[in-house]
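Below is one structure; the comments refer to it alone.
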Amino acid sequence: MSRTPPPEDPQEEQDQPRRGGRARKQVEKFEATSAPTTKKGKRKQTQEDDDEDDNMEDPDSDLTEEEDEEGDVDPTPKKGKKRKSVGAAGSAKKTKAVNGSGKKKGRKSAGGAGAGANGEDGVRNESPLFNALLSPDIALQPLIDEWVETYQQAAGDEVSEQVSIHELITLFIRCCGINLDIEQAEATDEDGITDAVERIQDESVRVAAAAYPLISRGKQFNAFRKNLDYFLYNLIESLSLTPILFQESTEESDHVNVLLSLILNWLNCMSTSPLRPIRHTSTYMLLKINSSMCDVASSVGKDLSLKQRQKEAEIKKGGTSNAAQKRLKELEEKVKEVQKRKERLHDMFQEIFDVMFVHRVRDADPHIRSDCLRELGVWTKKYPDYYVSTSYLTYFTKGCNDPFAHARLETVKALSNLYSKGSFMNNARTVTLRLVPRLIEMALRDVDLHVRVTAIHVIALIDKTGILADEDESHRDKVARLVYDQDPRIRKAVGGFIVNLWEENKENLKTEWSGARAAKKKRANKISENDMATNLDWKSLATLLIDTSNSLDGPIEPTASSSSQQPILPISITTPLTRANAAVESICSEYELWRDWQSLVDYLLLDHSTADQDMWLLTEDEETFMLQVLIALIQREDQDEEEEDRSKKLMQILPRLFAKHQTDVGRIGGILSVLSHINLGLYLDLRQTKAYETLWDDVTKQFLHHTDPSVLESAIKAVNHLTTNAPMATSNTTKLNELQESLFASLRDEIGSDDVALLSLEEEGIAKLEAILLRILLLEKSRDITEVMEDEEGQSSGWDIICAFAERGRLGYKEEAKMIEYAVQIVLYHMTWVFRRFTEEDTQDDDKVAALSTTRDKAVEIFQELTLGDNTNTVDTVRRQAFIAYLTLHLLFLYKGSKDNLATPAAKSCPLTIEDEIQHRLGGAFLAAVDKCVSDREAHTDTDKNAEGESVPEDLSFLQLTSTLVAAIRKGVLEVEHAKEPLAHVGRLGQSYDAIVKKLVDALRDEGIYNKESETVQHVAGSALQQSFNLFLDSDFEEPTAPLTLARMIASAFTIHGNHFTVLQQLHPSDVCDFHLEALDYISRRISSYVKQEIAAKNREQKSRLQIKRFSAITFFKILIQLLSPITSPDALKIKAHLDDAISSVGVEVTVHKGWEPYRAYEKKLISIASKDPNVKVAANKKVQQAQQAEEDTEREVDEEDEEEEDQEEHVTPTKKGRNRSNTLINGNGNGNNNRSSPLSPPPEPEQAPTTPSSKSRKRAREASPMDVDDEEFNLSPPPQPADESMQLELGEENIDTDSDHELTLEGIGPSQNERERSASAEPSLKRRRTVVRY
């Protein structure tokens, strides 16, 4: 076993004071290589390191003097020398620390504890036990056995015992991530433990790592937690095999110290440390030690029971001989010894619980609380005789209310382990009754899904004990509703609870049936007992599920409206997920319900009309629901049974189900969906052609007679499935032709000989025609019926009739809107099939081309009239559908010329284009649709404003319209400039709308970067942003969220980025500059408008409202910042000059008000871009010097005039001490009276007195003007620069007077508009680019 080496110079170390400032205790130390009486402290460094410690006078200093001299040294501590393997045989000595010869090149170890070897995360690794815990593949049991053996051999040798205990306590300290050392005497001094812990935490508080080994994710600590658990568990187990674990005092053994008491004292004191690494790690180790002692206590308890039984057996023998009495006495002594051990363990349990647990379970650190609750669950499971009591289980109640989700999760996991053993329920009944309401609340509404799932499992376990049934039944109803929850994990978790309820209902129903009178059983006389038992099982399940479903449809408590408890709504049977599907999914997670679906079919085929008289039959609602359950079971059974066997059973069952439920709309749709689970090829193999034709007739009958859309959709799916049966193709063709002829015959019979445009339709006639058109639409979506549609047969063709119904939409009858929508869609789908049928050979046939053109023109005329007709009163939904059809048809017949290799024959023969006027009208139609969508969303928001978490539903038809418009723009049907209408509403109409419109950015990018149409992109982006911002200003929103979203989207159209944000291509900077100039003109007009209104307003409230609007308008600069990436330095100067002119023309001051922050941010961004030009730096330096000289000359001139003109009013000259530095920007060229604008404004000129200054003064002022600087000073062509030269604007001390009170300005480089006009004749080319930087 390894030992800690003594220091090499104990006397010198003894003379040094402690780092913490306290007096050092003088204790005798054991040294393996020198006399045992030598006094010295434990040090892990050599004499050279001790010399370095003399230089560290300040105990709080983190750096040595050498570090101060070497400021650029890597702060990572150096590793120590490689240590010997911990698992080596014998007691190898610890490796010494690295010698301190020469200068140190890193920080000293934490707290100055010496230059011991440090691990990768800064934790010293001189402890062999700690090193072992870091090794993932080491065998820890031999190491534990070696330590225990060494400690046992140290009995009677105080020094050796101190060494062993010191090694263990050092391990605890290293596990906390602390590098400090303690003396060997301190390790065994119980009275000084508190002082030692305080010293450790005081000296480590500033250097303790945030990620200590217990929670660190470093690779070197991957195995630490697992090894620590193993070490502590096996250490206690090994000690339990010796008297050491049960030792109460030093009198009972030769050891000087009571090991377990000493360990617990150390860890208990450390668990109260305010330093989190120490507190958490020590608490964790105490918890694990207590868990290990629970196993020991359980073994001791079993041993005690065995010894007591042996003693009782010996007493019963009644032996009076000496041998018998001796055996009895030995057994009594053994019982007392084991009892004493048990009491000792209980004392330690109580000490750990009282001193540590009750405090740490309330710790501020949630991870410590979680560890405590988890281990409490382990204790109750390992040693229930002691811990399953109210005093301990009460802490689970507090854990269920913990704000930290992981703590709640550990609590419910512990409860799940507890209640999995029913034998403990009697002891925990009181706590259980207290926990049930909170557990149910967690199962219903907890924000963490894992907590909900585990809480449901706990409730199911509690329910098996009957406690919930004895209490309020409403608790069980609340949990049962979760079977219809939206989350599948919740549904599966509650499956066990539902099965418990079902078993209970089955027993109750069978008991009630057995006690019923014979008259009640009269109809069931022919049913066997087994079949009746099965029927009663299904009846009880149906009753349970229907009652639970009905409870959801009733009034729900307001507190139950959270999104986590939203149930699945009762929807159509043909949809993928119904309540029946949810129930089957839930129950099948615990019970193989799908294997019994055939018995359910037999039960459903019975006549349930006498359910009010016979208790074993189903009611109407139950029968409908169980039919849905049957369909769900058949779908689930597909995965387990062979297809052929299932198909044979369904072939026999399906006709009977059709015959019984063909008139029930709520059931026939689900029955039709069963057809898709049959292998239709078996009809031919089994020679059941007649049965197959009968099946066709049944499906056709349902399709032609029902009007419900869901039933018709199920029927057309069944028809499509039948047509896939290739072996029966002949029968399929015959039956399909009959279906089509019957369908169009019904259409002609319904309208008769009347003109469609003149029909006077009643409500019943509209419903019939609507159903017929829906059937035609569904049929045309699935197959080509062009021939039947255009077949006239001596009367009007179906095509003409459908077109006439579509044209009827101009009348604007709202009750016919759905019928007209179907007609418009039929026309579009018919044109699609005609488009696909037109081949390359048909392009040579003029008659076919003419026919195609005629049919296409008719469809285009109908769609255009319904969409844009001036004399129509089209309903909005019809207009929207016609808009979609109009653009879709143009997309089909789009032809871009001879270079269009993807064009189809139909598009080449009959191309379609849209005139500019029509395109603009289509843009207006889209805006009308947007306004309608916005009003609908606002109405929905107003209606449901009190519903928390209620989201506005998406308008699918509007999204379809938007996607069609976007496709038309991207494909070139519409000009790119029409992208501004959809882009302007980004951020207002939902995430789906934004995702669709985002595709327009690709079109803008292609147009601007690849097609070199940057003006178009500039126009579209500017118009869209302005429209979006106008909408923001007209709204009540405080932040321009929607315009910002649009700006970020448009920014991606300006630049194409590659890997690591490298710019691959982008718009020309001058085009982006023009965009910003136009945007500045726009926002200046808006701000000026608000300023004028504010000046004219007389009401204070109105002024305040207009001021808020003005500051809202200023947020436009926040949007422009997003679009500055392609801008270069000259463009930034140009924009800056235009910005100054724009703000100056507004007539408002730029103050320090928070509302001007977007403006200042935009201005700062321009400066940052402009400062990247090296010419700007040169010009800035020159202008700074000239400005300083001009200011000095002006001040001196004014002083001279003051002396000459003492009778005049005193002149006020601003100085660096008296100048006001407010951020005020006023009219003119940006100069104010003793005020400074934003950093881009020019410095103020010296304020003049009311009297006229002398001509000499004016001349000097002109000489100092930035406009009179020689042109050669402003050669802005970039000189050659080194590759690594900084492009930031840096003005060194050699160019700037640090005492001068000037600010950086680029005003002279980008002159204002007024200055450019004044100097245009003299310097027309240069003045537009000149920049002056002043301080």
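Reckoned from all heavy atoms, side chains included, excluding hydrogens, waters and symmetry mates.
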Who are the side chain to side chain donor-acceptor pair (under 3.5 Å) partners of Tyr895, not counting sequence neighbours?
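Here no residue qualifies.
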Check whether [X] reaches the backbone of [Y] with its side chain - one donor and one acceptor, N or O, closer than 3.5 Å.
| X | Y | result |
| --- | --- | --- |
| Thr964 | Gln960 | yes |
| Lys896 | Lys971 | yes |
| Gln919 | Ile914 | yes |
| Ser1028 | Leu1025 | no |
| Ser1084 | Leu1080 | yes |
| Asp485 | Arg491 | no |
| Arg880 | Ser957 | no |
| Thr1045 | Thr1041 | yes |
| Lys980 | Glu977 | yes |
| Arg1048 | Gln1122 | no |

Does a side-chain heavy-atom distance below 4.5 Å link [X] with [Y]?
| X | Y | value |
| --- | --- | --- |
| Glu1101 | Arg1105 | yes |
| Ile1169 | Ile1135 | no |
| Ile1083 | Phe1029 | yes |
| Val1001 | Ile1050 | no |
| Leu1123 | Val1072 | no |
| Tyr1162 | Ile1114 | no |
| Leu1139 | Tyr1159 | yes |
| Leu894 | His890 | no |

Could you walk me through whether Ser1089 and Gln1093 pass the side-chain hydrogen bond (donor to acceptor under 3.5 Å, both in side chains) check?
CA-CA 6 Å; Ser1089 161; Gln1093 296 179 35; 3.1 Å; yes
Can you confirm whether or not the ring centre of Tyr886 sits under 6.0 Å from the ring centre of Phe883?
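No: the rings miss the under 6.0 Å criterion.
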His1153: what forms a ring-ring contact (aromatic ring centres under 6.0 Å, His included) with it, not counting sequence neighbours?
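Partners of His1153 under the ring-ring contact (aromatic ring centres under 6.0 Å, His included) test: Phe1111.
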To the nearest 0.5 Å, tell me how far [X] [atom1] sits from [Y] [atom2].
| X | Y | atom1 | atom2 | value |
| --- | --- | --- | --- | --- |
| Ile1121 | His1076 | CD1 | NE2 | 10.0 Å |
| Leu444 | Ile490 | CG | CD1 | 9.5 Å |
| Gln1018 | Glu1013 | CD | CD | 12.0 Å |
| Ile1087 | Arg1110 | CD1 | CZ | 8.5 Å |
| Gln825 | Thr832 | CD | OG1 | 11.0 Å |
| Arg489 | His450 | CZ | NE2 | 6.5 Å |

Test side-chain contact (heavy atoms from CB on, under 4.5 Å) on Leu912 and Val973 and set out the steps.
CA-CA 9 Å; Leu912 269 179; Val973 174; over 6 Å; no
Of all the heavy-atom pairs spanning Ala984 and Gln1027, show the shortest one and how long it is.
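That would be CB-OE1, 3.5 Å.
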Which heavy atom of Ile1119 sits nearest a heavy atom of Pro1040, and at what distance?
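Heavy atoms only, the tightest pair is CD1-CB, 4.2 Å.
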Test log, rule side-chain contact (heavy atoms from CB on, under 4.5 Å), inputs Ser935 and Lys932
CA-CA 5 Å; Ser935 62; Lys932 179 68 167 56; 4.2 Å; yes
Given Asn1030 and Arg1086, is the side-chain contact (heavy atoms from CB on, under 4.5 Å) satisfied, shown in steps?
CA-CA 9 Å; Asn1030 288 335; Arg1086 292 307 304 255; 2.5 Å; yes
I need the full list of ring-ring contact (aromatic ring centres under 6.0 Å, His included) pairs touching residues 955-984, with sequence neighbours left out, sorted by first then second residue.
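Only His920-His978, Phe958-Tyr993 qualify under ring-ring contact (aromatic ring centres under 6.0 Å, His included).
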Look at Asp994 together with Lys998 and state whether they make a salt bridge at an N to O cut-off of under 4.0 Å.
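No.
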Are Glu1039 and Lys1118 ion-paired here, with the side-chain N under 4.0 Å from a carboxylate O?
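Yes, this pair counts.
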Determine whether Asp1002 and Lys999 satisfy the following criterion, salt bridge (Lys or Arg N to Asp or Glu O under 4.0 Å), listing intermediate values before the conclusion.
CA-CA 6 Å; Asp1002 300 335; Lys999 297 295 182 181; 5.1 Å; no
Glu1078-Tyr1082 side chain donor-acceptor pair, cut-off 3.5 Å
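Tyr1082 and Glu1078 do not have a side-chain donor-acceptor pair below 3.5 Å.
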Let's go through His985 and Leu1031 carefully: what are the C-alpha distance in whole Å and the side-chain angles of both, what is the deciding distance for side-chain contact (heavy atoms from CB on, under 4.5 Å) to 0.1 Å, and is it a yes or a no?
CA-CA 9 Å; His985 297 276; Leu1031 292 171; 3.7 Å; yes
Between Val1017, Leu1000, Leu1004, which is the residue that forms a side chain to side chain contact (heavy atoms under 4.5 Å, CB included) with Val976?
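Output: one option passes, namely Leu1004.
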side-chain hydrogen bond (donor to acceptor under 3.5 Å, both in side chains) assessment of His1138 paired with Asp1081:
CA-CA 9 Å; His1138 197 82; Asp1081 292 337; 2.6 Å; yes
